[in-house]
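One structure is given here, and the rest of the page talks about it.
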Amino acid sequence: MKKDEQHRDKERVQFLGVRRAWVGIALFMFCILISVYSSMAISYHLSKGWNGYETVRAIVVDTTTAIPTAAAIPVMVLFLGVEVPMILYPMVKDWIEERQQKREAHGRELADREWVEWDGRRKAAEAAGENFTEPNPAEKRNDAPQDK
C-alpha cells in the first residue's frame, strides 16, 4: 500500500504536467498566502474603524483581488524553482559529459600522436645508426620540474 502512495506522488497530473505532490504543496502555499493577505486586509480595514457590512465587503474585495497573484506565486515558484531545473539537469549533464568525452578523446589523440612522433624519431636514429637519448613522452612528463 505504501508503494502505491509513493508512486502516486510521482505521477503527473494533467494541469501543466506537474507531479501530483507539487499540487498539494502549491495549494498549501496558496492557502498561506491568502491567509496572510486576508489578515493584512482585516488589520488595515479594522484600523479605520468598524463599519459593519462595508468593512466586511472591503476585506472580501481586497482578498479576492489578491487571488490571481496568490495562485500565480506557488505555480511560478514550483515550476521555475523545481520543475525547470529538473528538466534542465539531464540536458546540462549530457552536454557536460559529451564535452568531457570530446576533451578526453582529443587528449588521447594528442598523446598518441606524441608517442608516434617520438617512435618515428627513435626508429630514424636507429636506422641511421645514431645514439637516441631523447626520453619518451611519459618520461618527459615525469621529469618535468614541479612548480612549488
Exercise for review: Report the C-alpha distance between Arg103 and His106 in whole Å, list the side-chain angles of each, state the deciding distance to 0.1 Å, and finish with yes or no for side chain to side chain contact (heavy atoms under 4.5 Å, CB included).
Suggested key: CA-CA 5 Å; Arg103 281 188 184 148; His106 183 68; 5.7 Å; no
Practice item. Output, in order, the C-alpha distance, side-chain angles, deciding distance and verdict of side chain to side chain contact (heavy atoms under 4.5 Å, CB included) for Phe30 and Ile73. Key: CA-CA 8 Å; Phe30 172 76; Ile73 289 172; over 6 Å; no
Review point. In Å, rounded to the nearest 0.5 Å, how long is the span from OG1 of Thr69 to CD1 of Ile34?
Key: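 With rounding to 0.5 Å, OG1 (Thr69) is 8.5 Å from CD1 (Ile34).
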Taking only residues two or more places apart in sequence or in another chain, which ones pass side-chain hydrogen bond (donor to acceptor under 3.5 Å, both in side chains) with [X]?
| X | value |
| --- | --- |
| Glu126 | Arg122 |
| Glu54 | none |
| Glu109 | Arg113 |

Check your understanding: With a cutoff of under 4.5 Å between side-chain heavy atoms, which Ile, Leu, Val, Met, Phe, Trp and Tyr residues group with Phe132?
Key ->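 So far as hydrophobic clustering goes, Phe132 is joined with Trp115, Trp118.
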Practice item. May I ask you to list the residues sharing a hydrophobic cluster with Ile42, side-chain cutoff 4.5 Å, ordered by chain and number? Key: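 Members other than Ile42 - counting any ILVMFWY side chain reachable under 4.5 Å - are Leu46, Trp50, Val56, Ile59, Val60.
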Exercise for review: Output every pair passing salt bridge (Lys or Arg N to Asp or Glu O under 4.0 Å) with a member in residues 90-100, not counting sequence neighbours, ordered by first then second residue.
Suggested key: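 Only Lys93-Glu97, Glu98-Lys102 qualify under salt bridge (Lys or Arg N to Asp or Glu O under 4.0 Å).
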Practice item. Salt-bridge test for Asp112 and Arg108: reply yes if a basic N is under 4.0 Å from a carboxylate O, no otherwise. Key: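 Looking at Asp112 and Arg108, the cut-off is not met.
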Check your understanding: Same cluster or not: are Ile32 and Ile25 linked, directly or through other Ile, Leu, Val, Met, Phe, Trp or Tyr residues, by side-chain heavy atoms under 4.5 angstrom apart?
Key ->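 Different clusters.
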Check your understanding: Would you call Asp62 and Tyr37 a side-chain contact if the rule is heavy atoms closer than 4.5 Å?
Key ->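 When only atoms from C-beta onward are counted, Tyr37 and Asp62 do touch, with a gap below 4.5 Å.
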**Study point:** For the student: nearest non-hydrogen atoms of Ala70 and Pro74, plus distance
**Key:**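 Between these two residues, the closest heavy atoms are O-CD, 2.9 Å.
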